[in-house]
Amino acid sequence: DCDGTETNEKLELKAPSFYRGLNYELIKALYDLKLKDQKYRGKDNFLNSPEFVQKQKILDIQNEKEINNIIKKYGYPGESQVGREWRDIACVILVHANSLSIQLELLPIIAQAANEGELSKGIVRILVDKIQLKKTGKQIFGSQSGIPFEAEHKIRAIEKQYNL
């Protein structure tokens, strides 16, 4: 379940009354971050355009700071705060983050939220793979095409550490 299909949906912001019982201001903040996350990344020729990649990197740096502040203030903005539709967005933003230190700092919070049912474990596994790729050039769960896997004992240790 590392395919990320839940995170590729086109999310639209509905009227505040639709989100009764949820934190609309937090949903709006996630919506704005998602728009910035996909501004250039969503273009057909994104990977073939150094200009788009650089512009997206600047937005990703802004997003990672904003999502870090959100998580510090609210905890992980999961299903109980923002609903099923928006529960994975903060983790998606962190998957695309440039800062390994922010990813590592927030991973335990995110893994705990996933284990409490606040977001899908699949997107957390993608985040773990992105972190491991930055750290060692290898992956744990197989979400990154063409990237070799860590040794079996490291895979089992990380699965156990984060209950994934």
Side-chain angles (χ1 to χ4, degrees), residues 1-44 46 52 55-134 139-144 157-164:
D1 59 358
C2 283
D3 64 7
T5 53
E6 287 185 56
T7 63
N8 292 329
E9 299 171 7
K10 180 160 175 56
L11 297 175
E12 295 182 15
L13 192 61
K14 298 171 183 75
S17 61
F18 180 83
Y19 302 107
R20 197 166 331 200
L22 300 174
N23 185 332
Y24 181 74
E25 292 304 315
L26 193 49
I27 292 169
K28 174 76 170 86
L30 292 172
Y31 174 77
D32 292 342
L33 289 169
K34 181 68 174 172
L35 289 178
K36 286 195 306 186
D37 182 70
Q38 293 300 309
K39 182 164 183 169
Y40 299 102
R41 189 173 277 111
K43 297 188 182 296
D44 289 337
F46 171 68
F52 285 167
K55 286 180 178 182
Q56 187 63 59
K57 184 176 182 177
I58 292 166
L59 293 176
D60 290 345
I61 291 168
Q62 293 169 2
N63 277 358
E64 72 190 33
K65 289 176 184 172
E66 289 179 48
I67 208 65
N68 186 31
N69 290 336
I70 286 171
I71 292 173
K72 297 262 189 253
K73 182 175 180 178
Y74 296 98
Y76 185 83
E79 190 166 339
S80 62
Q81 292 186 66
V82 298
R84 185 172 182 84
E85 181 180 21
W86 297 95
R87 70 182 188 167
D88 291 341
I89 299 303
C91 194
V92 170
I93 299 301
L94 285 170
V95 164
H96 296 146
N98 293 293
S99 172
L100 176 60
S101 63
I102 288 176
Q103 289 174 322
L104 287 169
E105 178 184 345
L106 297 177
L107 179 58
I109 296 167
I110 291 167
Q112 179 180 350
N115 287 309
E116 293 170 355
E118 289 292 322
L119 73 153
S120 66
K121 285 189 175 185
I123 191 63
V124 180
R125 289 181 183 115
I126 293 170
L127 177 60
V128 168
D129 278 349
K130 287 287 199 168
I131 289 170
Q132 204 65 19
L133 178 60
K134 286 178 182 176
Q139 65 180 323
I140 301 297
F141 295 107
S143 66
Q144 307 300 301
I158 289 174
E159 287 175 333
K160 183 178 180 183
Q161 179 180 3
Y162 297 110
N163 194 28
L164 297 172

Tell me whether Y76 contacts the main-chain N or O of A114 through its side chain, where contact means a donor paired with an acceptor under 3.5 Å. no
Is atom NZ of K39 surrounded by more than 12 heavy atoms (other residues, nucleotides or ligands) closer than 6.0 Å? no
Tell me every residue that passes side chain to side chain donor-acceptor pair (under 3.5 Å) with D37, counting only those two or more places apart in sequence or in another chain. R41, H96
With sequence neighbours left out, write down each residue that passes side chain to side chain donor-acceptor pair (under 3.5 Å) with Q62, or none if nothing qualifies. none
Pairwise side-chain contact, Q112 with N163, heavy-atom cut-off 4.5 Å (strictly under): no
Just so I know, are the side chains of L127 and I131 near enough to count as touching, which here means a heavy-atom distance under 4.5 Å? yes
Quick one: are E159 and F141 in side-chain contact, heavy atoms under 4.5 Å? yes
Parallel, tilted or perpendicular: rings of Y24 and Y19 (30°, 60°): tilted
Do D32 and K28 meet the salt-bridge criterion of a basic N to acidic O distance under 4.0 Å? yes
Hits for ring-ring contact (aromatic ring centres under 6.0 Å, His included) against Y162, two or more places apart or cross-chain, chain-then-number order -> none
Close side-chain approach of L11 to L30, heavy-atom, < 4.5 Å: no
Between K121 and N115, is there a side-chain heavy-atom distance shorter than 4.5 Å? yes
Sub-4.5 Å side-chain heavy-atom contact between E66 and I93: no
